**Q** 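Encoded as structure tokens, here's the structure I'll be asking about.
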Amino acid sequence: AQRVTQPEKLLSVFKGAPVELKCNYSYSGSPELFWYVQYSRQRLQLLLRHISRESIKGFTADLNKGETSFHLKKPFAQEEDSAMYYCALGSNYQLIWGAGTKLIIKP
Amino acid sequence: DTEVTQTPKHLVMGMTNKKSLKCEQHMGHRAMYWYKQKAKKPPELMFVYSYEKLSINESVPSRFSPECPNSSLLNLHLHALQPEDSALYLCASSMILRDSIHYEQYFGPGTRLTVT
């Protein structure tokens with residue numbers, strides 16, 4: 001069965017520290033994976049897609065098929081990164097969502 | 001225009017009321033979605049429309065009735081809702097290319113619904 005797992009409900013780090021939000025998936029085939037972010041009182045928005053291999057707002061994510069992971073990383077966290085982060089997998093014309101990780105950046 | 005808009009922003013309705021939520025996009029996307037989102041939870045898919053036809057209904061109760069009158073508009077008609085239906089209702093859209101739905105979805109700001 002297709003599934004996305006985000007093991008951490010809450011992640012709290014200090015400003016300037018590295019951040020890694022974990023995402024593991026279960027999927028038979030070539031996955032299409034995404035990271036979405038929801039800032040407080042703002043709409044849910046796409047942050048990264050694995051196909052483009054780009055860096056947005058300093059965040060990167062690498063697909064590791066061997067470990068079935070798509071972890072989100074940033075070397076130096078900023079206070080404006082505080083938000084809810086969702087990992088999602090495209091399957092059967094819909095997105096399968098992880099439970100989300102709330103990231104808090106402490107000053 | 002690269003945004004999905006939703007109206008109203010907030011809605012309070014009684015259990016016997018009938019109301020509608022509206023969603024609009026002018027990005028030329030031919031797939032549109034309704035989601036329900038509870039606080040601190042991921043969105044739950046309710047309906048998917050592709051080319052203005054309902055293609056996915058995730059076993060949503062009949063008190064929710066979607067409608068896609070044209071390629072830019074998506075409505076969600078509400079009738080006889082329950083208090084547990086109180087949530088943020090999100091609309092999203094995505095492209096369809098060569099009859100394949102793209103998974104990159106663009107979301108509206110949502111309608112905060114309270115059922116009393």
Side-chain angles (χ1 to χ4, degrees), chain A residues 2-12 21 23-25 27 29-54 56 61 63 70 72 82-104, chain B residues 2-7 9-10 23-25 27 29-51 53-60 66 87-112:
Chain A
Q2 294 105 355
R3 189 169 55 246
V4 175
T5 303
Q6 293 179 251
E8 303 133 332
K9 274 190 176 180
L10 175 65
L11 185 62
S12 181
L21 289 87
C23 172
N24 289 90
Y25 67 90
Y27 185 73
S30 284
E32 281 193 61
L33 285 154
F34 305 87
W35 277 99
Y36 281 82
V37 61
Q38 197 167 27
Y39 300 102
S40 180
R41 295 191 179 83
Q42 291 188 32
R43 67 182 70 200
L44 192 59
Q45 55 188 284
L46 178 67
L47 180 63
L48 281 177
R49 68 212 89 173
H50 91 271
I51 291 175
S52 59
R53 300 183 62 84
E54 57 197 339
I56 303 288
L63 177 61
F70 187 56
L72 184 68
S82 295
M84 195 76 184
Y85 290 80
Y86 293 101
C87 182
L89 166 71
S91 174
N92 291 330
Y93 310 117
Q94 56 185 283
L95 288 172
I96 297 170
W97 298 83
T101 298
K102 183 170 183 176
L103 177 64
I104 296 174
Chain B
T2 57
E3 273 202 349
V4 177
T5 59
Q6 288 186 247
T7 54
K9 285 187 179 178
H10 302 275
C23 172
E24 196 164 0
Q25 56 89 14
M27 295 180 278
H29 291 173
R30 300 303 295 276
M32 295 185 78
Y33 311 77
W34 279 116
Y35 288 90
K36 174 182 177 180
Q37 188 180 29
K38 291 279 199 178
K40 298 179 182 170
K41 298 287 186 185
E44 298 171 42
L45 183 65
M46 300 174 74
F47 304 103
V48 181
Y49 274 83
S50 54
Y51 296 115
K53 288 188 170 52
L54 184 65
S55 55
I56 295 178
N57 176 340
E58 290 289 306
S59 303
V60 178
L88 183 66
Y89 286 84
L90 298 173
C91 174
S93 69
S94 68
M95 288 192 295
I96 299 179
L97 288 177
R98 295 187 208 99
D99 287 333
S100 182
I101 284 184
H102 276 222
Y103 291 115
E104 296 169 26
Q105 294 180 16
Y106 293 78
F107 284 82
T111 294
R112 176 76 58 192

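In what follows, chains are A, B, ... by sequence order, proteins preceding strands, each numbered from 1. Here the structure is a predicted model, which is why all the values come from computation and not from measurement. The figures that follow rest on heavy atoms only: side chains count, while hydrogens, waters and symmetry mates do not.
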**Q** Could you report the tightest heavy-atom contact between P42(B) and A99(A), atom names first, then the distance?
**A** CD-O, 3.7 Å
**Q** Taking G98(A), A88(A), S91(A), G100(A) one by one, which has the highest count of heavy-atom pairs under 4.5 Å against chain B?
**A** S91(A)
**Q** Out of K102(A), Q38(A), K9(A), which one racks up the most heavy-atom pairs below 4.5 Å with chain B?
**A** Q38(A)
**Q** Any chance you could measure R49(A), atom CZ, to Y103(B), atom OH, to the nearest 0.5 Å?
**A** 15.5 Å
**Q** Would you say NZ of K40(B) has more than 12 non-hydrogen atoms from neighbouring residues, nucleotides or ligands within 6.0 angstrom?
**A** no
**Q** Kindly give the heavy-atom pair with the smallest separation between P109(B) and R43(A), and that separation in Å.
**A** CD-NH2, 3.5 Å
**Q** Any heavy-atom pair between the side chains of Y36(A) and Q105(B) that's under 4.5 Å?
**A** yes
**Q** With a 4.5 Å limit on heavy-atom distance, are the side chains of V48(B) and Y93(A) in contact?
**A** no
**Q** Could you give the distance from CH2 (W97(A)) to CD (Q37(B)), rounded to the nearest 0.5 Å?
**A** 8.0 Å
**Q** Which atoms of Y106(B) come close to chain A, meaning under 4.5 Å heavy atom to heavy atom: side chain ones, backbone ones, both, or neither?
**A** neither
**Q** Among Q42(A), M84(A), E32(A), single out the residue with the greatest number of heavy-atom pairs under 4.5 Å to chain B.
**A** E32(A)
**Q** Among the options L89(A), L95(A), L46(A), N92(A), pick out the one with the most heavy-atom pairs lying under 4.5 Å from chain B.
**A** L95(A)
**Q** Check whether E58(B) gets within reach of chain A through its side chain, its backbone, both or neither, counting any heavy atom under 4.5 Å.
**A** side chain
